[in-house]
Protein chains: 2
Amino acid sequence: MTDDTTWTIAQMADDFDVTHRALRHYEQLGLLSPEREGQRRIYSRRERTRLALILRGRRLGFPLEEVATILDMYDDQPGEAGQLRYLLSQIGERRAELQRRLRDVQDGLRELEELEKRCEEDLERLA
Amino acid sequence: MTDDTTWTIAQMADDFDVTHRALRHYEQLGLLSPEREGQRRIYSRRERTRLALILRGRRLGFPLEEVATILDMYDDQPGEAGQLRYLLSQIGERRAELQRRLRDVQDGLRELEELEKRCEEDLERLA
DNA sequence: ATCGTGCTTGACGTGAGCGTCAACGTCAAG
DNA sequence: CTTGACGTTGACGCTCACGTCAAGCACGAT
């Protein structure tokens, strides 16, 4: 029941709407590590999951390096107490940052709605 | 009852935790336009409001150019129907983008919480 | 056998967002 | 009158996240 579907770089680029150059870039930074069939890159389910996380991180404005540390958290499953505690502290930091962003987004949305109202009122007045 | 408090560049930099270089950069891009007292920049309440919006936009990963168009929306109050309609469409786009980011942030938070749980369970198991 | 298609690896270029000098003006304090 | 704190304008440098060649390999189809 293991999903061993694989994809080429072109299919990946197409599915996720990124360039193959970006994919190679993520690989150089260690964010992706597709198998090889000879020279060619072979992407598996795992890489797709990671790529989705990468792109989300990028949309949120996180530097790729930071995204990398988050991705490593998912793999690591270290099993050693010290590392687990360290991981938990890292998670705490990321979460604090995301909560700040959540507030930022909500504030932004509120302001846009106010602005929208003002616009609509002005438009009424002109009619 | 107009608030005519003003600030120097150093106070601005200090209050908002940015460098004076960044402030000049925002000014070059037209995001800020402080008054001058001779050569010196004099920042008023308006600039502080704008700077707060700039920094929030930056935290959300918006390019400064895009932040500029949003800032212009606030000023413009165009009063002309065509421009108002255009402004409304712009607002719509920004809001759609913010809603996407809202989802991204929420998804990210959910995943971090799951990861956190797994960590804590692993930590239990080790105890 | 030569084509096109898809993939590969360098290597250099680019735009955004500042950082970091360098060189100079201005003004109150010592 | 010099010093120091604070400000000014260039101008070049740097990092990040890729874009954009260039040159070449591997393959099936014509």
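This is a predicted model, so every value here is computed, not measured. Letters A, B, ... are given to chains in the order of the sequence lines, protein chains preceding strands, and every chain is numbered from 1.
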Report summary line: When rounded to whole Å, the CD to P distance for the pair A:Glu65 and D:dA17 reads 8 Å
Query raised in the report: Taking atom C1' of C:dG19 as reference, at what distance in whole Å does atom CD of B:Gln28 sit?
Result: 14 Å
Query raised in the report: Given the rule that a pair is Watson-Crick or G-U wobble with both distances under 3.5 Å, how would you write DNA chain C in dot-bracket, using | for pairs to a different strand?
Result: ||||||||||||||||||||||||||||||
Requested in this report: Figure out the CD1/P separation between A:Ile54 and D:dC16, and round it to whole Å.
Outcome: 17 Å
Report task. Using a cut-off of strictly less than 4.0 Å, decide whether B:Tyr26 has a side-chain nitrogen or oxygen near OP1 or OP2 of C:dG17. Result -> no
Report summary line: Applied to residues 31-40 of chain B, the side chain to side chain donor-acceptor pair (under 3.5 Å) test, sequence neighbours excluded, yields B:Glu27-B:Arg36
Query raised in the report: Would you say A:Thr19 reaches D:dG19's phosphate, i.e. side-chain N/O to OP1/OP2 under 4.0 Å?
Result: yes
Query raised in the report: Who are the salt bridge (charged side-chain N to carboxylate O under 4.0 Å, His left out) partners of A:Arg95, not counting sequence neighbours?
Result: B:Glu116
Query raised in the report: Between D:dT15 atom P and A:His25 atom NE2, what is the distance in whole Å?
Result: 14 Å
Query raised in the report: Does B:Phe16 have any side-chain contact (heavy atoms from CB on, under 4.5 Å) partners at least two apart in sequence or in another chain, and if so, which?
Result: B:Met12, B:Val18, B:Arg48, B:Leu51, B:Ala52, B:Leu55
Query raised in the report: Does A:Glu93 have any side-chain contact (heavy atoms from CB on, under 4.5 Å) partners at least two apart in sequence or in another chain, and if so, which?
Result: A:Gln90
**Report entry** Rounded distance in Å - CD (B:Gln11) to P (D:dC6)
**Finding:** 11 Å
For nucleotides 9-14 of chain D, print each protein N/O atom paired with a nucleotide N/O atom at under 3.5 Å, atom names and distance only.
residue : atom : partner : partner atom : Å
D:dT9   : OP1  : B:Arg36 : NH1          : 3.2
D:dT9   : OP1  : B:Arg36 : NH2          : 3.3
D:dT9   : OP2  : B:Arg41 : NH1          : 2.8
D:dT9   : OP2  : B:Arg41 : NH2          : 2.6

Report task. Quickly work out the B:Glu37 CD to C:dG25 C1' distance and round it to whole Å. Result -> 15 Å
Show me the donor-acceptor pairs, under 3.5 Å and distance only, between side chains in residues 58-70 of chain A and residues at least two apart or in other chains.
residue : atom : partner  : partner atom : Å
A:Arg59 : NE   : B:Asp104 : OD2          : 2.6
A:Arg59 : NH2  : B:Asp104 : OD1          : 2.9
A:Arg59 : NH2  : B:Asp104 : OD2          : 3.4
A:Glu66 : OE2  : A:Arg94  : NH1          : 2.4
A:Thr69 : OG1  : A:Glu66  : O            : 2.8

Report task. Name the closest nucleotide to the B:Leu64 side chain, picking from C:dG19, C:dG17, D:dC6. Result -> C:dG17
Query raised in the report: Do other residues, nucleotides or ligands put more than 12 heavy atoms under 6.0 Å from the OH atom of A:Tyr86?
Result: no
Report summary line: Winner on side-chain proximity to B:Arg58, out of C:dC7, C:dG19, C:dC18, is C:dC18
Report task. Using atom CG of A:Leu32 as one end and atom P of D:dA17 as the other, report the distance to the nearest whole Å. Result -> 14 Å
Query raised in the report: Does a side chain donor of either A:Tyr43 or A:Gln11 reach within less than 3.5 Å of an acceptor in the other side chain?
Result: no
Query raised in the report: Within less than 4.0 Å of OP1 or OP2 of C:dG6, is there a side-chain N or O belonging to A:Thr8?
Result: no
**Report entry** Results of salt bridge (charged side-chain N to carboxylate O under 4.0 Å, His left out) for B:Arg45 - residues two or more places apart only
**Finding:** B:Asp3
Requested in this report: Kindly write out the residues that satisfy side-chain hydrogen bond (donor to acceptor under 3.5 Å, both in side chains) with A:Ser89, not counting sequence neighbours, or none if the list is empty.
Outcome: none
Requested in this report: Send over the distance from A:Ile9 CD1 to D:dC25 P, rounded to a whole Å.
Outcome: 19 Å
